[in-house]
Amino acid sequence: MLWSKTLIPTLKEIPQDAEIPSHQLMLRAGLIRRLGSGLYTYLPLGFRALRKVEAIVREEMDRAGAQEGLMPAMHPREIWDRSGRYETLKNVMFRVKDRQAREMVLGPTHEEIITDLVSREISSYKQLPCNFYQIQTKFRDEIRPRFGLMRCKEFIMKDAYSFDISSEAADGSYQKMYDAYVNIFRRCGLHAMPVEADTGDMGGSSSHEFMVPCEAGEDAILEADDGSYAANMERAEGFCDLPSLFADAEKALEEIATPNVGKIEDVAAFLKVEPRQLVKTLIYMADGKPVAVLLPGDREVNEIKLRNVLGAEDVVPADPETVRKVTGAEVGFAGPVGLEIPLLVDRTLEGLKGGVIGANKTDTHRLHFDLARDLAPEALVDIAFPKAGDLAPNRKGRLSEKRGVEVGHVFKLGTKYSLALGANVLDENGKSIPAVMGCYGIGVSRTLQAVIEQSHDENGIIWPVNVAPYTVLITVLSPKHEESMTRATALAAELENTGIDVMVDDREERPGFKFKDADLLGFPLRLTIGERGLAKGIVELKPRTEKSFEEIPADEAFDAVRDAVTRLREAQK
Ligand code: ATP
Ligand code: MG
């Protein structure tokens with residue numbers, strides 16, 4: 001392909017509206033353009049790279065035994081009513097009406113659609129296991145579309161759905177997808193780490209997210225330094241060994257006036273203790289009934305965990321009036337001793353002595369709180385977010401915090417959707433049972449940008465070989481020089497014949513300008529052909545990752561480039 005015949009609108013300036021490097025680079029390298037909030041056009045180069053990511057996804061999905069199909073992006077509302085998600089996903093779904101005022105939905109995901117299909121077309125255990133996937137545009141009315149392709153209203157997803165006869169069999173399907181994901185991200189040149197994740201509103205029992213560590217990531221991840229554990233913050237568990245630090249002599253509880261200081265930091269400063277020495281007592285409403293939640297002053301409640309522990313549908317912080325009624329004090333002075341509502345004590349408080357608690361009396365706290373003595377809770381529960389520095393669940397590794405972007409997600413779904421949409425099969429004994437499902441998503445367009453977020457330098461993109469829009473760039477220094485152009489086009493054709501894609505920079509521009517663009521676009525190899533070099537019988541070969549080039553005999557250019565490409569590909573198989 002000749003550069004002069006392609007649309008590659010590179011930009012010298014960093015676009016104002018792009019905050020993170022990958023978004024800036026996608027715009028600067030002419031890969032994408034914004035149409036509106038969360039809506040992007042793929043220009044030819046961006047689209048080629050996207051196609052390459054898709055090809056890798058397809059190959060690995062096919063290899064894992066999944067079958068590709070394509071479902072409509074627009075769905076009748078009724079199918080979403082059957083699972084109840086027309087309500088629960090109301091805020092993310094784009095809803096439209098046809099000319100007969102029939103309500104339709106633009107698909108944010110496809111569990112309902114595939115499960116309905118399976119309920120009609122599959123009836124026997126003999127047809128299982130099966131796994132269907134598609135690569136398709138999804139629509140989500142995100143609260144904050146941002147960072148280019150990272151969070152869009154319209155984006156490309158690979159979604160797969162597995163159906164099995166039992167949960168053991170479903171575990172096998174899950175593992176296959178997990179392994180396929182490891183292969184996909186490796187081949188894309190991405191370091192994506194699998195982390196344990198919460199199953200959220202999807203239903204189901206377990207899930208892993210594939211996270212690309214980077215500063216701009218919207219997710220927090222906790223990772224153990226001994227490699228034993230990594231989990232999304234929403235789900236992460238840790239142990240801390242703090243409370244014994246505050247052990248003091250066996251003093252009795254003692255009231256202390258804390259006028260107008262109700263906030264943790266203020267109380268800590270006022271009493272000259274550390275925030276973590278304070279016991280936070282929070283009042284929540286769980287399905288309409290008040291409960292008190294206790295945790296160290298420097299920790300936050302994980303409401304997902306809290307909801308799970310309580311087995312409640314709806315858990316929200318109590319309003320100030322309820323707090324006053326329950327504790328007899330203004331907000332900020334709640335304490336566990338003397339409360340007449342159920343108490344949940346976070347396990348990080350285990351063994352606490354010498355703590356500070358609210359006195360259930362405005363402007364008053366109590367010192368020398370001893371959890372075992374003053375409260376003797378029957379059980380401790382895990383309801384707090386862990387922190388960096390905590391012990392990992394194996395109680396050996398230490399946790400540290402990272403940020404990451406989720407590029408893929410695998411879920412064990414169980415039977416939630418097969419029950420709702422009637423995807424039953426007859427088992428070996430002729431009994432009708434709901435199929436056990438799994439679902440597996442990859443943000444294809446987000447993955448493309450994540451590659452750039454992870455692989456770039458101050459000059460531009462550094463494409464991993466398997467997803468580069470073109471593998472080789474031939475920079476012709478003086479396109480008017482006939483021999484240069486003839487050689488370039490002949491070499492390009494020869495390389496294309498062996499499956500190596502080539503772009504020829506045939507623009508009438510200064511060499512420095514062309515080299516800058518070459519670095520910005522970041523194709524893995526650059527071959528420079530110039531009049532002076534040719535007079536000496538040489539051309540220059542430069543991998544994007546290297547600072548300097550290598551001179552090679554012009555007549556050996558084909559072999560040299562092919563070998564270099566082979567080496568790059570081998571390294572990323
Ligand atoms: P997130 O927490 O980032 O919103 P999600 O949990 O909603 O993601 P899934 O429903 O599991 O995502 O979708 C599968 C994959 O689709 C995600 O792993 C992610 O890579 C991608 N994805 C999700 N939402 C978007 C979006 N708005 N724009 C681009 N890609 C997205
Ligand atoms: Mg989302």
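Each ligand, and each atom within it, is numbered from 1 in the order the structure gives.
Atoms of ligand 1 found under 4.0 Å from any heavy atom of G408, numbered from 1 in the order shown, are 18 (O). The atoms of ligand 1 that sit less than 4.0 Å from any heavy atom of V407 are 18 (O), 20 (O). Which parts of ligand 1 touch R446 is read off a 4.0 Å heavy-atom cut-off, strictly below it: atoms 3 (O), 19 (C), 20 (O), 22 (N), 23 (C), 24 (N), 25 (C), 26 (C), 29 (C), 30 (N), 31 (C). Ligand 1 places these atoms under 4.0 Å from at least one heavy atom of E142: 24 (N), 26 (C), 27 (N).
In the candidate list M157, R140, H409, R140 is nearest to atom 10 (O) of ligand 1, counting heavy atoms.
Between the side chain of K158 and the main chain of E54, no donor-acceptor pair closer than 3.5 Å is present.
The cationic atom of R446 (NZ for Lys, CZ for Arg) does not lie both less than 6.0 Å from the six-membered ring centre of F155 and within 45° of the ring axis.
Considering backbone and side-chain N/O atoms, C152 comes within less than 3.5 Å of an N/O atom of ligand 1.
Applying the side-chain hydrogen bond (donor to acceptor under 3.5 Å, both in side chains) rule to pairs touching residues 454-466 yields D457-R544, sequence neighbours excluded.
No side-chain N or O of R51 forms a donor-acceptor pair with one of Y42 less than 3.5 Å apart.
Partners of R403 by side-chain hydrogen bond (donor to acceptor under 3.5 Å, both in side chains), not counting sequence neighbours: none found.
Under 4.0 angstrom from ligand 1, the non-hydrogen atoms of M150 all belong to its backbone. Residue contacts with ligand 1 for L149 involve N, CA, C or O but no side-chain atom from C-beta outward (heavy atoms, distance under 4.0 Å).
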Before giving the answer on ring pair (Phe, Tyr, Trp, His ring centres under 6.0 Å), spell out for F163 and Y125 the whole-Å C-alpha distance, their side-chain angles and the decisive distance to 0.1 Å. CA-CA 10 Å; F163 296 83; Y125 73 96; over 10 Å; no

